[in-house]
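Notes for the one structure printed next.
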Number of protein chains: 2
Amino acid sequence: MRNDEARLNHMLLTLKERGQRITPQRLAILRVLAPSEGRPSVEEIYNVVVKDFPTTSLATVYKTITLLKELGEVLELEFSQGSNRYDGSKPFPHPHVVCTRCKRIVDPDLESLSAMTAEVSEQTGFKVVNHRLDFYGLCPECQKEKV
Amino acid sequence: MRNDEARLNHMLLTLKERGQRITPQRLAILRVLAPSEGRPSVEEIYNVVVKDFPTTSLATVYKTITLLKELGEVLELEFSQGSNRYDGSKPFPHPHVVCTRCKRIVDPDLESLSAMTAEVSEQTGFKVVNHRLDFYGLCPECQKEKV
DNA sequence: TAGACTTTAAGAATGATTATCTTTTAATAA
DNA sequence: TTATTAAAAGATAATCATTCTTAAAGTCTA
């Protein structure tokens with residue numbers, strides 16, 4: 001997909017601008033994160049990268065992710081149980097819809113989001129700068145399944 | 001507050017109905033959870049309970065929380081770093097507004113919520129059964145602070 | 001009160017993440 | 001191209017919330 005390539009190049013540019021080195025391991029990690037299909041966990045990224053660079057350490061993946069987070073080039077989806085997941089494709093806050101059965105994640109495009117953010121500010125006086133909006137339920141396919 | 005007492009009684013009733021025992025430790029835990037001011041962590045609940053029952057174990061608090069979650073009497077707020085927090089006062093999904101500076105949490109009453117849920121269903125075909133809607137930003141007081 | 005079953009307490013185990021420390025390497029300039 | 005050097009990688013230990021295990025204590029019922 002053309003878009004993934006653009007994301008990869010953008011991430012590379014950001015690293016260079018900040019004086020960060022482009023190592024083979026980092027490039028391999030970026031290649032996994034740029035499309036971010038399935039929003040991989042650190043473990044999953046590691047499993048891909050280790051095929052090409054067998055000496056890669058989990059610590060390297062963790063450190064690269066931390067760097068990318070600081071640069072605003074990856075979105076961390078936190079889960080208190082199980083591992084966190086990472087989206088390098090859309091590294092800004094956005095709503096998710098998660099199927100609790102097959103674990104599929106969809107990014108809806110919600111017109112009502114700006115209205116809700118406005119309502120939050122108006123009602124609480126908060127200056128909203130970030131959000132985590134996740135909806136959980138059954139996707140169309142899983143609704144058809146019996147059990 | 002009258003309301004806290006009603007919550008406590010409701011929780012006790014639920015436990016009894018399900019054939020669960022009301023032990024002194026459990027009662028002490030419920031007393032902390034019913035008002036849920038500050039949405040305490042397991043550690044914080046433990047620190048209160050251990051004053052009256054010095055032999056109490058952290059495991060007991062964890063097990064009671066697990067039981068209450070199963071009975072739908074407490075809402076778990078997950079955080080991948082730091083501990084989870086628990087709301088026994090409003091044990092159903094509801095939006096939060098969190099101050100990233102002073103950590104204060106406010107429950108807004110959002111009219112736009114039903115519209116957004118409808119938009120999610122319409123657009124994705126998901127049957128939405130749950131959500132986690134958290135907004136992060138600065139509360140009015142913290143906006144006034146300089147740094 | 002005895003017996004059966006729960007719950008508690010204490011500490012070990014787990015698992016994701018972070019920290020530490022040594023070795024290796026990418027980027028720069030001679 | 002090579003030497004230099006600060007950054008990054010790799011290996012492994014440490015951390016910390018949570019879960020598990022097992023034995024002792026408590027609760028309820030007959």
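What you see below is based on every heavy atom in this structure, not just the backbone, and it leaves out hydrogens, waters and symmetry mates. Remember, predicted model here, so these are calculated numbers, not experimental data. Here is how names work: the chains are called A, B, and so on, in the same order as the sequence lines, proteins then strands, and each is numbered from 1.
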Please check if the side chain of [X] supplies one atom and the backbone of [Y] the other of a donor-acceptor pair under 3.5 Å.
X	Y	result
A:E73	A:G88	no
B:T60	B:T56	no
B:E44	B:S41	yes

If hydrophobic clusters are built by linking Ile, Leu, Val, Met, Phe, Trp and Tyr wherever their side-chain heavy atoms come under 4.5 Å apart, do A:L33 and A:I22 end up in the same one?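 A:L33 and A:I22: one cluster.
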Taking transitive links into account, so neighbours of neighbours count too, which hydrophobic residues share a cluster with [X] at under 4.5 Å side-chain distance?
X	result
A:F79	A:L75, A:L77
A:Y136	A:V98, A:I105
A:L133	A:V97, A:V106, A:L110, A:L113, A:M116, A:V120, A:F126, A:V128, A:F135, B:V97, B:V106, B:L110, B:L113, B:M116, B:V120, B:F126, B:V128, B:L133, B:F135

Under the salt bridge (Lys or Arg N to Asp or Glu O under 4.0 Å) test, residues paired with [X] that sit two or more places apart:
X	answer
A:R104	A:E141
B:K127	none
A:K16	none

Can you give the first and last nucleotides of DNA chain C, 5' to 3', that have an atom under 4.0 Å from a heavy atom of chain A?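 Under 4.0 Å from chain A, the extent on DNA chain C is C:dA16 to C:dA27.
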Overall bend - the helix from C:dT1-D:dA30 to C:dA30-D:dT1, comparing terminal axes fitted on five pairs, nearest 10 degrees: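 It comes to 30° between the two terminal axes.
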From CG of A:D52 over to P of D:dA9, roughly how many Å is that when rounded to an integer?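 From A:D52 CG to D:dA9 P: 15 Å.
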In whole angstroms, how far is the P atom of D:dA8 from the CZ atom of A:F53?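 Interatomic distance, CZ of A:F53 to P of D:dA8: 16 Å.
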Sugar-phosphate atoms are those with a prime plus P, OP1 and OP2; base atoms are the rest. Using that split, label each nucleotide of nucleotides 24-30 of chain D B, S or - for protein heavy atoms under 4.0 Å, 5' to 3'. --BBS--
Taking salt bridge (charged side-chain N to carboxylate O under 4.0 Å, His left out) as the criterion, tell me which of B:R39, B:R132, B:K69 meets it with B:E76.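 Looking at B:R39, B:R132, B:K69, the match for B:E76 under the salt bridge (charged side-chain N to carboxylate O under 4.0 Å, His left out) is B:K69.
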Residues in side chain to side chain donor-acceptor pair (under 3.5 Å) contact with B:E78, at least two apart in sequence or another chain: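 Testing B:E78 for side chain to side chain donor-acceptor pair (under 3.5 Å), a comparison that skips the adjacent residues, returns A:S80.
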Would you call A:R18 and A:E70 a salt bridge, using N to O less than 4.0 angstrom?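 Salt bridge absent between A:R18 and A:E70.
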Can you tell me if B:Y62 touches the phosphate of D:dT18, counting only side-chain N or O atoms and a distance under 4.0 Å to OP1 or OP2?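 Affirmative; the distance criterion is met.
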Provide a list of protein-nucleic acid N or O atom pairs under 3.5 angstrom, restricted to nucleotides 11-13 of chain D.
residue, atom, partner, partner atom, Å
D:dA11, OP2, A:T55, O, 3.2

Interface with DNA chain D, restricted to residues 72-84 of chain A and to heavy atoms under 4.0 Å: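 The stretch gives none, as no residue of it lies under 4.0 Å from the strand.
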Testing the basics here: between B:L138 and B:Q143, what is the closest heavy-atom pair and its distance to 0.1 Å?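 Scanning both residues completely, I find the closest heavy atoms to be O-NE2, 3.0 Å.
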Would a 4.5 Å heavy-atom cut-off, applied to side chains only, mark A:C102 and A:C139 as touching?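 Answer yes - side chains close enough.
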Once you apply a heavy-atom cut-off of 4.0 Å, does B:E43 come out as touching a base, just sugar-phosphate, or nothing?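 Here B:E43 touches no strand at all.
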